[in-house]
Protein chains: 2
Amino acid sequence: MSEKSNARDNIISTAARLFFSQGYHATGLSQIVKESQAPKGSLYHYFPNGKEELASICIQQTNELILQKFEDTFAAHKSAADGIHQFVQDMAHETEAAGFTGFLPFSFWAAVETSCISQNLRKMCQGVFADWQRVIARQLIHEGMETAKAEDTGLLIISLLEGALIISLTNQDKQPLLTASNYMAAVTKHAKEIQSHP
Amino acid sequence: MSEKSNARDNIISTAARLFFSQGYHATGLSQIVKESQAPKGSLYHYFPNGKEELASICIQQTNELILQKFEDTFAAHKSAADGIHQFVQDMAHETEAAGFTGFLPFSFWAAVETSCISQNLRKMCQGVFADWQRVIARQLIHEGMETAKAEDTGLLIISLLEGALIISLTNQDKQPLLTASNYMAAVTKHAKEIQSHP
DNA sequence: TAATGTATATAGACCGATTGGTATAATTTT
DNA sequence: AAAATTATACCAATCGGTCTATATACATTA
């Protein structure tokens with residue numbers, strides 16, 4: 001009972017959805033207020049430091065969401081390769097189901113835009129990417145992969161994933177994500193063959 | 001001789017630099033006017049349809065720049081694998097040299113943001129990605145790769161490239177691009193082994 | 001060659017709308 | 001009563017875009 005501060009949560013979820021689908025600058029506070037059906041007074045009350053603070057919280061919260069999904073997916077599959085494959089497959093279908101316009105937690109292309117705003121936000125986005133890379137690498141290491149190679153592979157996977165997502169969103173076509181997902185399995189399974197030297 | 005319409009060119013190059021480094025919405029017309037040292041009257045005169053028309057021209061022009069660089073790089077290397085590798089290596093070094101803030105022609109992360117503005121701009125960005133994919137695929141086919149596989153590989157390469165660029169820009173570290181570049185060579189060289197089935 | 005006509009190009013004030021943000025007052029909840 | 005929350009009016013600044021007046025360039029004439 002007693003839904004405490006429903007307005008605050010509504011603002012955060014709405015803001016996150018808008019930030020990660022439209023971008024930071026394209027999303028006005030007025031739009032957040034309107035779509036979240038929260039009063040503007042509350043926005044100032046809950047986030048006294050304004051838009052940047054709100055964005056910061058959105059990044060944190062979205063990151064936790066993604067990390068949880070990574071761990072859930074890994075827990076539900078025998079191999080890391082299968083897990084990653086399923087993760088991207090899910091993303092492809094969710095993207096399509098949302099009409100290529102809706103909220104995609106993994107959609108961190110706005111990290112570049114956000115990084116221009118302040119060093120603080122930039123560091124946060126950097127931390128998000130590092131978290132994802134670490135979660136993947138840990139799983140690979142657990143399966144016997146050499147540490148350095150696992151870290152490289154983790155970085156490659158999130159690079160490919162983000163890139164494919166950008167193209168899928170732009171093209172409004174899930175194929176780039178599907179192609180990436182099929183390839184992902186190969187990356188992790190045959191890492192030894194495809195990993196190259198500096 | 002007689003430098004015709006220097007103002008127009010200045011506006012385009014400045015706008016392209018700002019759009020692709022900051023994003024569309026983060027870049028105001030006033031900033032473009034100020035940094036290009038062109039008069040605001042000229043902006044209206046040369047681009048009567050406003051900001052969107054200007055962005056459209058920037059996308060076209062930047063695309064031609066990249067396509068030319070792709071062809072030059074391929075012409076200068078024996079194998080597609082070597083060419084791609086060099087292409088990404090160059091990009092990594094240019095990114096660092098520019099302090100991770102400057103203009104990067106390949107930086108098309110803003111395609112997602114741009115796609116929200118109008119269907120026309122979205123289609124243009126889609127065409128840009130398709131062009132890049134085609135140029136790479138053509139080279140691979142020329143080297144004997146099966147058509148369908150070459151197209152998939154081209155898509156994977158530009159996905160990985162864009163993703164790695166995003167992370168490099170966010171982290172202000174060229175390593176993600178370098179890691180991708182080393183891996184690229186493996187992708188094209190060992191395509192048969194790593195390409196997986198749907 | 002000189003004068004004129006006609007694009008083209010530039011200057012810069014100006015527009016309503018919206019931006020992020022602030023203030024204070026009224027309301028609700030505890 | 002006290003504290004937390006919401007309502008609303010308001011702010012300067014900037015947004016993209018428009019306007020007219022002027023200046024420059026270039027071609028056509030005389």
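Each chain gets a letter, A, B and so on, in the order its sequence line appears, and its residues count up from 1.
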Contacts of type side-chain contact (heavy atoms from CB on, under 4.5 Å), residue B/A110, not counting sequence neighbours
B/E113, B/T114
Where along residues 110-125 of chain B does a heavy atom come under 4.0 Å from DNA chain C, residue by residue in number order?
none
Expressed as a whole number of angstroms, how long is the span from B/H25:NE2 to D/dC15:C1'?
11 Å
Rounded off to whole Å, could you give me the CD1-to-P distance for the B/I11 and C/dA9 pair?
11 Å
Among residues at least two apart in sequence or on other chains, which ones pass side-chain hydrogen bond (donor to acceptor under 3.5 Å, both in side chains) with B/S159?
none
Provide, to the nearest angstrom, the distance between the CG atom belonging to A/N10 and the P atom belonging to D/dT5.
14 Å
B/E151: partners by side-chain hydrogen bond (donor to acceptor under 3.5 Å, both in side chains), with sequence neighbours left out:
none
How would you list all residue pairs meeting salt bridge (charged side-chain N to carboxylate O under 4.0 Å, His left out) that involve residues 22-33 of chain A, not counting sequence neighbours?
none
Taking OH from A/Y24 and P from C/dT19, how many angstroms apart are they, rounded to a whole number?
13 Å
Those residues at least two apart in sequence (or on a different chain) that pass side-chain hydrogen bond (donor to acceptor under 3.5 Å, both in side chains) with B/E52 are B/S118
Qualifying salt bridge (charged side-chain N to carboxylate O under 4.0 Å, His left out) pairs with a residue from residues 167-183 of chain B, counting only residues at least two apart or across chains:
B/E96-B/K174
Just jot down the ring pair (Phe, Tyr, Trp, His ring centres under 6.0 Å) partners of A/F74, sequence neighbours excluded, or say none.
none
Taking salt bridge (charged side-chain N to carboxylate O under 4.0 Å, His left out) as the cut-off, I'd like each qualifying pair that reaches into residues 26-51 of chain A, sequence neighbours left out, listed once.
A/R17-A/E35
Check this one for me: any side-chain N or O of A/S42 less than 4.0 Å away from OP1 or OP2 of D/dT5?
no
Heavy atoms within less than 4.0 Å of DNA chain D: which residues of residues 26-40 of chain A have one? Give them sorted by number.
A/P39, A/K40
So, is A/H45 near the phosphate of D/dT6, with a side-chain N or O under 4.0 Å from OP1 or OP2?
no
Near-strand residues of residues 49-61 of chain B, defined as heavy-atom separation under 4.0 angstrom from DNA chain C
none
Does a side chain donor of either A/Q86 or A/T73 reach within less than 3.5 Å of an acceptor in the other side chain?
no
Got a sec, which pairs hit salt bridge (charged side-chain N to carboxylate O under 4.0 Å, His left out) with one end in residues 114-139 of chain A, sequence neighbours left out?
A/E71-A/R138, A/D131-A/R134
Nearest whole angstrom, please: distance from the P of D/dC15 to the OH of B/Y44.
20 Å
Applying the Watson-Crick and G-U wobble criteria at under 3.5 Å, what pairs with C/dG20? Answer none if nothing qualifies.
D/dC11
Flag side-chain contact, heavy atom, 4.5 Å: A/L161 against A/F87:
yes
Apply the syn/anti split at 90° from 0 to C/dA7 and say which one it is.
syn
If only side-chain N and O atoms of A/Y46 are considered, is one of them under 4.0 Å from the OP1 or OP2 phosphate oxygen of D/dT6?
yes
